[in-house]
Enquirer: 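For reference, the structure I am asking about is given below.
Numbers here simply count residues along the sequence, with the first being 1.
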Amino acid sequence: MKEKILITVKTYPTLSREYAELVCTAGVEESGKWRRVYPVQFRQLIDEQKYRKYQWIEADLEKSTNDTRPESYKIHGANINTLGQPLTTVNKWLERREAFLDKVRVYEDMSELIQAAHNNTLSLAAFSPAKWLRFTHEEVGREWDARKLAILEEKKKQLNFFKDDATVEKELEVVKKLPYKFSYQYEDVEKRTSKLMIEDWEIGALYWNCLKAGRNDEKEAIHKVKTKYWDDFIQSGRYSPILILGTTLEHHNKKAPNPFVIVGVAPFPKDSRQKLF
């Protein structure tokens, strides 16, 4: 089926055994129903297909049979068409409010979300914390899994039969692995505390840009990331951030105590016109 989807989620690239590098992409169709679309090897798309967040795309979708989460659909890169420019941020993100925030339910109770995930009735949702507690970072492994890298190298060898070396290297270039895990900790409306990792592409790109600007000073780069995601988005009082939460397939299927991660951060500016209910 062909649908128009407003992209609201692009996660930091990860390595996949089956598809090499993948980007988790999600958004809402015109009535506000969530769609998770994959596999998207984003950096291998042609320039005209490389969509941005809050940009409409049109694509042929097919309900996934391998991923039983209700919002998961298969998409093929050749069927992606971008439609116009990304929605603007003028008038306190008015276009984005009307196309996205006004169309989806914004949850406030994590227990309700987790139960729905365990019942397999949802795996993507917009969420508004009742109280923000802190923004944290933790150092993680700096190299990708060796087995996945070996698979990627094998794919390069296979493609060398059909394409020149330069093209293969560009298509299967390994994205740099983030050496830190960034997380938000918050309370929901029932005072339940959650600490969830942020997997948004933007926070990864911000870290690398700050690291480059700061001449590879990791402490300075982390400080600048925290300034943006905590001081500006939370402490300044200028924004009412909405978190987009998504379950990982493994934790969803295992019905983990909390199968969600933060797949998108939407820092909507505070607005007196914002919905109360």
Enquirer: Measuring from K92:NZ to F268:CZ, what's the distance to the nearest 0.5 Å?
Expert: 13.5 Å

Enquirer: Testing L83, I5, T25 one by one against I57 for a side chain to side chain contact (heavy atoms under 4.5 Å, CB included), which residue passes?
Expert: I5

Enquirer: Treat each ILVMFWY residue as a node, draw an edge where side-chain heavy atoms are under 4.5 Å apart, and state whether L124 and M197 are in one component.
Expert: no

Enquirer: State plainly whether the residues E218 and R142 are in salt-bridge range, i.e. N to O under 4.0 Å.
Expert: yes

Enquirer: Which pairs with one or both residues in residues 187-197 pass salt bridge (charged side-chain N to carboxylate O under 4.0 Å, His left out), sequence neighbours excluded?
Expert: E138-K195

Enquirer: Does N91 use its side chain to pair, donor to acceptor, with the backbone of L94 at less than 3.5 Å?
Expert: no

Enquirer: Tell me, do K74 and L61 make a side-chain contact under 4.5 Å, heavy atoms counted?
Expert: no

Enquirer: Should W230 and W132 count as side-chain neighbours, where that means a heavy-atom distance under 4.5 Å?
Expert: yes

Enquirer: Begin with the C-alpha distance, continue with both residues' side-chain angles, and end with the deciding distance and a verdict on side chain to side chain contact (heavy atoms under 4.5 Å, CB included) for Y51 and K10.
Expert: CA-CA 10 Å; Y51 48 82; K10 281 172 59 182; 3.9 Å; yes

Enquirer: Distance-only check: which donor-acceptor pairs under 3.5 Å involve side-chain atoms of residues 29-37, not counting sequence neighbours?
Expert:
residue: E29; atom: OE1; partner: S31; partner atom: OG; Å: 3.1
residue: E29; atom: OE2; partner: S31; partner atom: N; Å: 2.9
residue: E29; atom: OE2; partner: S31; partner atom: OG; Å: 2.5
residue: E29; atom: OE2; partner: G32; partner atom: N; Å: 2.9
residue: E29; atom: OE2; partner: K33; partner atom: N; Å: 2.8
residue: R35; atom: NE; partner: E3; partner atom: OE1; Å: 2.8
residue: R35; atom: NH2; partner: E3; partner atom: OE2; Å: 3.1
residue: R36; atom: NH1; partner: S72; partner atom: OG; Å: 2.8
residue: R36; atom: NH1; partner: S123; partner atom: OG; Å: 3.0
residue: R36; atom: NH2; partner: S123; partner atom: O; Å: 3.3
residue: R36; atom: NH2; partner: S123; partner atom: OG; Å: 3.0

Enquirer: Report the C-alpha separation of I244 and I262 in whole Å, then their side-chain angles, then the decisive distance to 0.1 Å, and conclude whether the side chain to side chain contact (heavy atoms under 4.5 Å, CB included) test is met.
Expert: CA-CA 6 Å; I244 302 176; I262 299 169; over 6 Å; no

Enquirer: Tell me every residue that passes salt bridge (charged side-chain N to carboxylate O under 4.0 Å, His left out) with K53, counting only those two or more places apart in sequence or in another chain.
Expert: D200, E202

Enquirer: Give the C-alpha distance, both sets of side-chain angles, the deciding distance and a yes or no for side chain to side chain contact (heavy atoms under 4.5 Å, CB included) between V9 and W201.
Expert: CA-CA 8 Å; V9 170; W201 186 317; over 6 Å; no

Enquirer: Looking only at non-hydrogen atoms, find the nearest pair between A126 and I242 and report the distance.
Expert: CB-CG2, 3.8 Å

Enquirer: Can you tell me how far CG of L196 sits from CG of N258, rounded to the nearest 0.5 angstrom?
Expert: 5.5 Å

Enquirer: Roughly how far, to the nearest 0.5 Å, is CG of L87 from CZ of R97?
Expert: 13.0 Å

Enquirer: With a 4.5 Å cut-off on side-chain heavy atoms, are C24 and Y12 touching?
Expert: no

Enquirer: Excluding sequence neighbours, so at least two apart, what forms salt bridge (charged side-chain N to carboxylate O under 4.0 Å, His left out) with R69?
Expert: D67

Enquirer: Would you mind listing every salt bridge (charged side-chain N to carboxylate O under 4.0 Å, His left out) that reaches into residues 250-261, with sequence neighbours excluded?
Expert: E250-K254

Enquirer: Can you tell me how far the CD1 atom of I80 sits from the CD atom of E58, to the nearest 0.5 Å?
Expert: 11.5 Å

Enquirer: Specify whether Y54 and W93 have parallel, tilted or perpendicular ring planes, treating 30° as the upper limit for parallel and 60° as the lower limit for perpendicular.
Expert: perpendicular

Enquirer: My understanding is that only one of I114, T248, L243 makes a side chain to side chain contact (heavy atoms under 4.5 Å, CB included) with F260; could you say which?
Expert: I114

Enquirer: Stepwise, does the side chain to side chain contact (heavy atoms under 4.5 Å, CB included) test hold for N119 with Q115?
Expert: CA-CA 6 Å; N119 293 338; Q115 187 59 55; 3.2 Å; yes

Enquirer: Measure the spacing between OG of S128 and OH of Y186 and express it to the nearest 0.5 Å.
Expert: 10.0 Å

Enquirer: K181 and side chain to side chain contact (heavy atoms under 4.5 Å, CB included): which single residue from T136, I198, V140 fits?
Expert: V140

Enquirer: Please check if any side-chain donor atom of N120 sits under 3.5 Å from a side-chain acceptor atom of H252, or the reverse.
Expert: yes

Enquirer: Under a 3.5 Å threshold, yes or no: a donor from one side chain and an acceptor from the other, between Y38 and S64?
Expert: yes

Enquirer: What pair of heavy atoms forms the shortest contact from A117 to T247, and how long is it?
Expert: CB-CG2, 4.0 Å

Enquirer: Could you tell me how the ring of H137 sits relative to the ring of Y180: parallel (under 30°), tilted (30 to 60°) or perpendicular (over 60°)?
Expert: perpendicular

Enquirer: In terms of hydrophobic clusters joined by side-chain contacts under 4.5 Å, are V265 and Y239 together?
Expert: yes

Enquirer: Is it true that V189 and I234 fall in one hydrophobic cluster, defined by side-chain heavy atoms closer than 4.5 Å?
Expert: no

Enquirer: Flag this pair as yes if the NZ/CZ of K226 is under 6.0 angstrom from the six-membered ring centre of F135 and inside a 45 degree cone about the axis; otherwise no.
Expert: no

Enquirer: Side chains of L245 and V263: closer than 4.5 Å at any heavy-atom pair?
Expert: no

Enquirer: NE2/H223 to NZ/K228 distance, rounded to the nearest 0.5 angstrom?
Expert: 13.5 Å

Enquirer: Is there a path of hydrophobic side-chain contacts, each under 4.5 Å between heavy atoms of I, L, V, M, F, W or Y residues, that connects L133 with L113?
Expert: no

Enquirer: Within a 6.0 Å radius of atom CD on E139, are there more than 12 heavy atoms belonging to other residues, nucleotides or ligands?
Expert: yes

Enquirer: Could you check, using the six-membered ring where one of them is a Trp, whether Y107 and F127 have ring centers closer than 6.0 angstrom?
Expert: no

Enquirer: Would you say I75 ends up clustered with M1 if hydrophobic residues are merged whenever their side chains have heavy atoms under 4.5 Å apart, either directly or through other cluster members?
Expert: yes

Enquirer: Suppose we screen for salt bridge (charged side-chain N to carboxylate O under 4.0 Å, His left out). Which residues come up paired with E112, at least two apart in sequence or across chains?
Expert: R105

Enquirer: Heavy-atom distance under 4.5 Å between the side chains of E199 and V261, does that happen here?
Expert: yes

